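The next block holds one structure in the form of structure tokens; read it before the comments.
Please read these numbers as outputs of a predicted model, since none were measured by experiment.
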Amino acid sequence: MKRNDFLRLSGAGVGSLLVPSGVISFISAGCNKNNGMGNMGGGVNVSEGEFLQALPLTATAGPITSLTVQATVAALKGNQSYNLFGYQANSILGPTLRVSKGDQVSINVTNSLNESTNIHWHGLHIPAAMDGHPGNLITKGSSFNYNFSVQQRAALNWYHPHPHMATARQVYKGLAGLFIVNDSEEAALNLPGGQYEIPLVIQDKRLADTGLSYNPTMMEVMSGYMGESILVNGKASPFHEIKSQTYRLRILNGSNARIYNLAFSNNRSFTIICNDGGLLINPVSVNSILIAPGERLDILFDFSASNTGDEIFLLSKLFSGAGNAQGKQEFKILKFKITQKVNSPFTIPPTLSSIIAYTAAQAARTRNFDISNPGMNMQNGMHRINNKVYDENRIDETVSANAVEIWQFDNSQGDEPHPMHIHGISFQVLERIGGRNTLAASERGWKDTVLVMPGETVKVLVPFENNTGRFVFHCHNLEHEDDGMMLQYQLS
């Protein structure tokens with residue numbers, strides 16, 4: 001949807017528009033300063049905290065466990081308790097699930113909410129019946145056993161609910177967790193582990209509201225729902241005490257819509273070793289990197305030049321080209337406090353992994369997906385793919401098992417960023433045309449989510465497997481997804 005068209009049409013008054021039932025509740029919230037829309041879709045500015053809370057490290061569970069989806073309370077900022085949803089009591093995040101390649105996973109999920117939910121295992125290649133399709137729901141008071149074998153390389157994945165038109169609200173209110181897969185290839189690299197491997201879930205929330213209410217306006221459905229407080233592992237503006245050596249930071253952007261441009265306050269470079277799909281072929285050194293909702297990054301940062309007492313911040317820096325609501329402010333995310341000077345050098349292996357690189361010539365066909373959303377058609381939803389909104393009863397694409405295809409996401413006429421995610425598979429990013437006009441350092445290797453900025457067209461090469469069934473693909477700006485920006489493909 002073109003932003004200017006929206007503003008022009010909405011000037012006639014919301015009541016004069018034909019609005020789909022899925023966004024009726026958004027209208028009643030209005031456009032006011034408290035919900036962040038005083039600047040008419042320009043995003044919500046971050047208010048930095050004082051970085052006085054210690055960074056929590058989430059509890060860990062193995063391949064056989066149980067989760068209870070529940071309404072609970074947790075302290076997110078100081079001692080203030082917030083009413084939220086959780087996969088465990090008194091926590092905004094579920095346990096970090098750690099498994100090894102080859103493990104059989106059995107996770108029993110009980111739904112104690114007063115609404116339906118489910119779990120999508122984001123990044124995992126598992127049977128369609130286990131993937132958390134929006135149509136496969138766990139009704140209130142019911143349970144479901146997610147049972148599948150993990151047969152993929154080491155990577156940082158995650159899990160979150162996926163009921164259509166409720167995904168954004170349930171994730172925002174607290175339902176998310178990490179899912180880490182280990183394997184022998186990664187273990188052989190002897191990367192920093194134990195206390196030197198730190199999982200970081202970055203999210204933004206509105207902490208003036210102790211109920212974590214989710215009530216986006218029409219404008220926020222367009223731009224995405226953003227908060228003024230940055231949480232890391234469920235705490236606002238935390239700090240973490242470290243030694244002066246190399247750490248592995250395993251980062252998930254678990255926000256509904258906010259994109260981060262990660263960097264460090266001492267302007268030192270850091271090394272990307274993994275993305276969504278695990279290890280890159282070679283490490284890549286950068287000074288900053290964009291990470292969109294749903295994307296993951298593993299980075300190595302060398303603190304050895306720091307002295308006891310030094311403080312270094314993980315930042316989000318300014319960036320451009322992502323519309324009016326993103327990248328307009330630099331802010332601090334997490335403070336590292338060096339409490340011990342040590343001599344523990346680490347040499348980054350020059351080669352990390354062996355990955356077969358696919359070429360366009362191997363693709364049997366190319367499918368084009370227009371995600372620009374030019375113009376305005378409120379009757380059919382604001383956010384669409386190929387001018388279609390999600391319909392569970394319609395298969396939009398039929399793909400042959402083991403086919404190799406190019407999927408092209410065309411945002412050349414759009415003015416909003418769209419992180420596009422395909423369920424059930426991983427892909428390789430072939431080409432970006434327009435906008436940044438190049439691949440990011442994090443886009444080599446295997447991916448499952450790719451950021452398509454306004455003015456860009458991105459081609460990804462998808463080697464489909466024989467994991468037949470019905471899957472979805474969608475924008476991982478969760479407001480866009482719930483607004484209809486999701487289609488189905490049948491692999492058969």
Side-chain angles (χ1 to χ4, degrees), residues 60-65 94-107 119-133 146-160 162 176-189 191 193 197 199 248 250-252 272-281 294-298 351-358 362 399 401-405 407 420-429 442-450 460-473 476 489 491:
T60 301
I64 301 175
T65 190
T96 295
L97 305 178
R98 282 188 177 266
V99 308
S100 296
K101 181 178 180 180
D103 279 352
Q104 187 68 32
V105 171
S106 178
I107 301 173
I119 294 183
H120 168 52
W121 308 94
H122 186 131
L124 296 185
H125 301 199
I126 55 178
M130 297 291 121
D131 182 66
H133 185 280
Y146 289 95
N147 196 301
F148 52 85
S149 177
V150 175
Q151 298 295 337
Q152 62 193 81
R153 67 203 302 257
L156 176 66
N157 307 289
W158 65 303
Y159 60 98
H160 62 80
H162 216 292
L178 297 176
F179 192 110
I180 296 175
V181 178
N182 299 121
D183 68 8
S184 58
E185 179 188 43
E186 184 186 63
L189 297 174
L191 298 169
E197 175 190 353
R248 179 183 186 181
R250 313 197 68 176
I251 302 170
L252 161 69
I272 302 172
I273 59 170
C274 302
N275 60 8
D276 305 343
L279 291 166
L280 305 181
I281 297 175
E295 289 189 303
R296 289 89 69 207
L297 285 171
D298 277 30
T351 301
L352 299 170
S353 181
S354 177
I355 296 176
I356 297 174
Y358 285 81
Q362 295 173 269
V399 183
N402 299 309
V404 178
E405 296 190 354
W407 283 24
M420 299 305 297
H421 171 51
I422 308 176
H423 284 218
I425 53 86
S426 296
F427 53 74
Q428 294 179 2
V429 185
S442 57
E443 290 177 333
R444 292 163 176 82
W446 292 107
K447 292 277 291 171
D448 57 55
T449 306
V450 64
V460 303
L461 195 145
V462 191
F464 288 93
E465 301 165 350
N466 60 357
N467 185 22
T468 58
R470 180 182 59 157
F471 297 90
V472 296
F473 60 101
H476 221 286
Y489 77 91
L491 188 64

What's the separation between atom CD1 in I273 and atom CD1 in I281, rounded to the nearest 0.5 Å? 14.5 Å
When rounded to the nearest 0.5 angstrom, what distance separates CD1 in I107 from CD1 in I119? 7.0 Å
Here the gap from L252 atom CG to D298 atom CG, rounded to the nearest 0.5 Å, amounts to 11.0 Å
Could you tell me which non-hydrogen atom of L178 sits nearest to which non-hydrogen atom of Y159, and how far apart they are? O-CE2, 3.3 Å
Go through H122 and T449 one step at a time and tell me if the side-chain contact (heavy atoms from CB on, under 4.5 Å) criterion holds. CA-CA 10 Å; H122 186 131; T449 306; 3.3 Å; yes
Side-chain heavy atoms of V181 within contact of L124, under 4.5 Å: yes
Side chains of Q104 and N147: does their closest heavy-atom pair fall under 4.5 Å? yes
Considering all heavy atoms, the nearest I425-D448 contact: O-CB, 3.9 Å
Can you tell me how far CD of E186 sits from OG of S353, rounded to the nearest 0.5 angstrom? 10.0 Å
Heavy-atom pair with the smallest gap, counting every atom of D276 and N157: O-OD1, 4.1 Å
Work out which heavy atom in S426 is nearest to a heavy atom in P463; give both atom names and the distance. O-CD, 3.6 Å
Separation between OG1 (T65) and CG (L97), nearest 0.5 Å, reads 7.0 Å
Among F471, F473, W407, find the one that has a ring-ring contact (aromatic ring centres under 6.0 Å, His included) with F464. W407
Determine, step by step, whether V460 and M420 satisfy the side-chain contact (heavy atoms from CB on, under 4.5 Å) criterion, reporting the C-alpha distance in whole Å, the side-chain angles of both residues, the deciding distance to 0.1 Å, and the verdict. CA-CA 11 Å; V460 303; M420 299 305 297; over 6 Å; no
Under the 3.5 angstrom rule, does the side chain of Q152 hit a backbone N or O of H125 as a donor-acceptor pair? yes
Using a strict 4.0 Å threshold on nitrogen-to-oxygen distance, state whether R153 and D183 make a salt bridge. no
Can you check whether E295 reaches N275 side chain to side chain, under 4.5 Å on heavy atoms? no
Considering non-hydrogen atoms only, spot the tightest contact between I272 and L297 and give its length. CG2-CD2, 4.1 Å
Quick check: do E197 and R250 have side-chain heavy atoms less than 4.5 Å from each other? yes
Can a donor-acceptor pair be found, under 3.5 Å and without considering hydrogens, that links the side chain of R444 to the backbone of S442? no
Please evaluate residues L189 and L279 with respect to the criterion side-chain contact (heavy atoms from CB on, under 4.5 Å), reporting the C-alpha separation (whole Å), side-chain torsions for both, the decisive distance (0.1 Å), and the verdict. CA-CA 11 Å; L189 297 174; L279 291 166; 3.8 Å; yes
Mind checking whether W158 and H476 have parallel, tilted or perpendicular rings, split at 30° and 60°? tilted
Are side-chain heavy atoms of P95 and T60 found at a separation under 4.5 Å? no
Can you tell me how the ring of W121 sits relative to the ring of F179, calling it parallel under 30°, perpendicular over 60° and tilted otherwise? perpendicular
Note: D103-R98 ion pair, threshold 4.0 Å (strictly below): no
Rounded distance [0.5 Å steps], NE2 in H160 versus NE2 in H120: 5.0 Å
Identify the heavy atoms of G469 and A128 that sit nearest to each other, and give their distance. CA-CB, 3.9 Å
Can you confirm whether Y489 sits close enough to I422 that some side-chain heavy atom of one is under 4.5 Å from a side-chain heavy atom of the other? yes
Stepwise, does the side-chain contact (heavy atoms from CB on, under 4.5 Å) test hold for W446 with Q428? CA-CA 5 Å; W446 292 107; Q428 294 179 2; 3.3 Å; yes
